[in-house]
Amino acid sequence: MSQWHGEYAFAMRSLVLKDFRVRYRNMSLGVFWSLINPLIMMGVLTFVFTGIFPNQQIKNFPIFVLCGLIPFNFFALAWSSGTSSLLENTALIKRLAVPREIIPIASVLSNCLHLGIQISLLLFLVLATGYGMNRYWLWLPLIWGLEVVFVMGMAMACGALNVYIRDMRYVVESCSTILFWLVPIFYPFSFIPTRFAGIYELNPVAALVLASRNVLLDAKAPPGSLLWKLSISSVLVFLLGWFVFQRLKRRFYDYL
Amino acid sequence: MTAIEFRNVSKVFAHGTGTRLLSSHLGEWLGQPPKEAFYALKNVSFSVQSGEGFGVVGHNGAGKSTLLGLATGICGPDQGEVIMNGRIAAVLELGSGFHPDLTGTENLFLNASLLGLSRKRTKELADYIVEFAGLEDFINEPMRTYSTGMTMRLAFAVAVHTDPDILILDEVIAVGDQTFQVKCLDHLRSLRQAGKTILCVSHSPDTIEQFCHRAIWLAHGQVVKEGLAREVLDAYRASL
């Protein structure tokens, strides 16, 4: 199967550019959608949780929510597009000897551009509302980098399974909806009963949200235990995804 | 030197593989007896020397595409061995890997990268490829505005310029106008003279006759006849 002698980086780059161009070429507002979407969600959630359910404990609710929304949105989008990426690229898989791993990984990477834009928006709003910069911001690239690693693992595993069992896409969509509620997006970690707190930290998406808030809103380093759990679970999920993918990729041709 | 060698190659598709339902996978894992096997290729052996033009003819469903899939390394054989020596470029099916919303140039880079050309070489060759395809005036238009012939010309031009040792062609030569066909055939001849190997698959014997020296005729996954292109093609024509 190793009859491909190309450059991984060039192939990856081309696929990412393709995804990105195809997505934005037919949109009048283009990249602005990446900004508008989280802002609208932020507005709606702020209205519901300050206007309808008033709460005194969370100050500056819009920024608080945005810290949760942005990592979650990236996770949900990249996971679902990574899951369907192999099916969408059937033509490539059945006609070209491109290394298959490139396809789900490129699909996740092409979502990173949104993440980048949305992170800029978040950082801008954090500064604009007077939180100020602190040296713990240096943790942010690591935290968000781990999220990308984690999603790649999920995308490889679910993308490969989706070739064999086409319902996978719906499983992923349902899980995303469930996670929206189970990740502390519009409630703080302190509201979670202690007996569930340990489990919450194991969920990399929840851990990400917590770590981002630690740094951006509380101006403190994320707790070491949280970072350890985040790193270990992200790397494990990536390795697991890789392993599943290697096992399943041999028969892609027969099932696509 | 041997460029391509198939040794007793079989490729099996169990009837019913390809069902994408959980229940059928569970059955497989729990050891339900496999359904009847279907041989897409059965015990196929042949070898092609470097610099040779080799043709494969056969009706639809004879196993031609499976053979190409094995040769390009897209899928692996269930039995036997496939040995390929050298860099491979394949034009399998019209414009596979092209996206209709991208422009000609963007598709050119995408396709070249997936076929295994380096970024540097692609930049160097881009203008030349466009010129070869005769698409200078349309190269910045989206591919969906291209005619079938234009798409195929670009696909062909990219593939032959990836500097392959082995070029694999699937039915593509027949498309494109007379001028381009002549250009293609000239180019293929010069590739062969430079010691490159060409593996060409078609259901029409005429295309193969033009630049293949030897050929095999496949039917129901098995080799019916192997030998000089003329003899094999005559026998194939007689059977039509």
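Chain identifiers are assigned alphabetically (A, B, ...) following the order of the sequence lines, protein sequences preceding nucleic acid strands; residue numbering begins at 1 within each chain. Reckoned from all heavy atoms, side chains included, excluding hydrogens, waters and symmetry mates.
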Hey, what do you get for [atom1] ([X]) to [atom2] ([Y]), rounding to the nearest 0.5 Å?
X	Y	atom1	atom2	answer
B:Thr122	A:Glu7	OG1	CD	7.5 Å
B:Lys120	A:Phe10	NZ	CZ	12.5 Å
A:Ile93	B:Cys75	CD1	SG	12.5 Å
A:Leu17	B:Leu110	CG	CG	9.0 Å
A:Leu15	B:His99	CG	NE2	11.5 Å

Is it the case that over 12 heavy atoms from other parts of the model lie below 6.0 angstrom from the CZ atom of A:Arg23?
yes
So with a 6.0 Å cut-off around CZ of A:Arg21, is the heavy-atom count from everything else above 12?
yes
Whatever's closer than 4.5 Å to a heavy atom in chain A on B:Leu117 counts as backbone
Which bit of B:Leu68 is near chain A, if near means a heavy-atom gap under 4.5 Å: side chain, backbone, both or neither?
neither
Dump the intermediate steps for side-chain contact (heavy atoms from CB on, under 4.5 Å) on A:Leu96 and B:Ile74, then the final yes or no.
CA-CA 6 Å; A:Leu96 297 167; B:Ile74 293 164; 5.6 Å; no
Residues at least two apart in sequence or cross-chain that pass side chain to side chain donor-acceptor pair (under 3.5 Å) with A:Ser176, listed by chain then number, are none
Look at B:Glu106 together with A:Lys18 and state whether they make a salt bridge at an N to O cut-off of under 4.0 Å.
no
Taking every heavy atom of B:Ser113 against every heavy atom of A:Ala11, the minimum-distance pair comes out as OG-CA, 3.7 Å
For the interface with chain A, which of B:Asp101, B:Leu114, B:Asn107 has the highest count of heavy-atom pairs at distances below 4.5 Å?
B:Leu114
Using the ring-ring contact (aromatic ring centres under 6.0 Å, His included) criterion, which residues pair with B:His187? Sequence neighbours excluded.
B:Phe132, B:His161
